[in-house]
Structure formats: C-alpha cells, structure tokens
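Notes follow once the structure below has been shown.
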Amino acid sequence: MRRLGAWLYDLLVVISLLMVAGFIFFGLTALALSQGWITLGPYQDTAELLSANRLYQLSLLTVALGFYCWFWRTSGQTIGMRAWRLRVQNTDGRRLSLAQCIIRAVTALLGLGNFWIWLNPRTKLALQDKIADCEMVVMSKELNKQLLDKQ
C-alpha cells in the first residue's frame, strides 16, 4: 500500500510537470505560428498540431522519465516516496546508477510492475526492482527525517 500511496503522490507531481511542459510547448508553437516559422498544414489548430508531433510526445516522455531518474539518482526518493518513507537503492545501500534508473522507470509499466509483488511475495521485489537489480526499503521515521534534514 505504501508503494501505491507514493505512486499516487508522484503521479500528481508528474501530471503538473507535464502540464507546465505542455504550456511551454504550446506557447512556443503559437509563437512560431504567429511569426510564420511553421504552418498548421493539415491540422486545424495548435493543439492538434502538437498532439501529432512525435518530438512533442518524446519531450513529454523525457519530462516524466527525468523526474523519476533525477530523484532516484540523487536521493533514492521521489516526493511521494519521501512522504511514505520509501527509498530505492542497490542491495548494498548505494544509490542507483543512471542506467538502473532508466531501466527501472521503463520497466515499471506505469506502476503495473508493482503487482509482481503479489505474484512473488517472498522477495518483495516489484518487476522494475528485479529487472534493474535494486530494492525498495521502508525507512524508519528517524532515518527518513535525517535524510530530509540533509537536503
């Protein structure tokens, strides 16, 4: 349940980041259209033009991946994980490498990888943890507070 709680917290933050990124792209596209640098072509409006643009979609994906990779790499905790006293780390307690972060984010399958725990309860590893060779630990209140005070 902790993972679900952390996932929901983080989902709200990621949605907010995607909205900000979308706003920026929409503004830049509107500017480019008004200056004549680009045209709508077969599209009826700016939103339709952006939604069909693969670069825009890739940029939004990069924002979401960047959020998770940044937090997992720097502290092992996203905002939601801090609230629920969770930390992702290597089995020896070290922070994840960038490659592990990317693998973990891609294999999480939008949170569905956590259901792997129910299929394999002995290890308590989600699918993304197993594939990225890391673990999720529940921290004590004291340790979590110490980590938060450091930052």
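No hydrogens, no waters, no symmetry mates; every other heavy atom, side chains included, goes into these values. Predicted model, so just to flag it, every value in this text is computed and none were measured. Note that the numbering runs from 1 along the sequence shown for the chain.
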Quiz prompt | Glu135 vs Asn90, side-chain hydrogen bond (donor to acceptor under 3.5 Å, both in side chains): CA-CA, chis, key distance, verdict | solution = CA-CA 6 Å; Glu135 66 182 359; Asn90 282 303; over 6 Å; no
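- Considering CG of Asp129 and CE of Met136, their distance stands at 5.5 Å, rounded to 0.5 Å.
- Between Leu18 and Ala64, the shortest heavy-atom contact is CD2-N, 4.5 Å.
- Summarising the geometry, atom CG belonging to Asn53 is positioned 12.5 Å from atom CD belonging to Glu48; distances are rounded to the nearest 0.5 Å.
- No more than 12 heavy atoms of other residues, nucleotides or ligands lie within 6.0 Å of CD in Gln44, so this atom counts as exposed by the packing criterion.
- Closest approach of Tyr68 and Thr78 over heavy atoms only: CD2-CG2, 3.8 Å.
- Taking CD1 of Ile38 as the reference point, atom CG of Leu40 lies at 7.5 Å (rounded to 0.5 Å).
- Using a 4.5 Å cut-off on side-chain heavy atoms (C-beta onward), Trp70 and Thr74 make contact.
- The side-chain heavy atoms of Tyr56 and Leu49, taken from C-beta on, include no pair separated by under 4.5 Å.
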Practice problem: I would like to know whether Ser75 and Arg82 meet side-chain hydrogen bond (donor to acceptor under 3.5 Å, both in side chains); could you show each step before the answer? | Solution: CA-CA 10 Å; Ser75 67; Arg82 287 179 184 179; 3.2 Å; yes
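- Between Ala126 and Arg3, the shortest heavy-atom contact is CB-NH1, 3.3 Å.
- The shortest distance between side-chain heavy atoms of Leu86 and Gln77 does not fall below 4.5 Å.
- In this structure the side chain of Trp72 reaches within 4.5 angstrom of the side chain of Met81, judged on heavy atoms.
- A pairwise comparison of heavy atoms in Arg73 and Leu98 identifies CD-N, 3.7 Å as the closest pair.
- Smallest separation of non-hydrogen atoms from Leu125 and Cys134: CD2-O, 3.6 Å.
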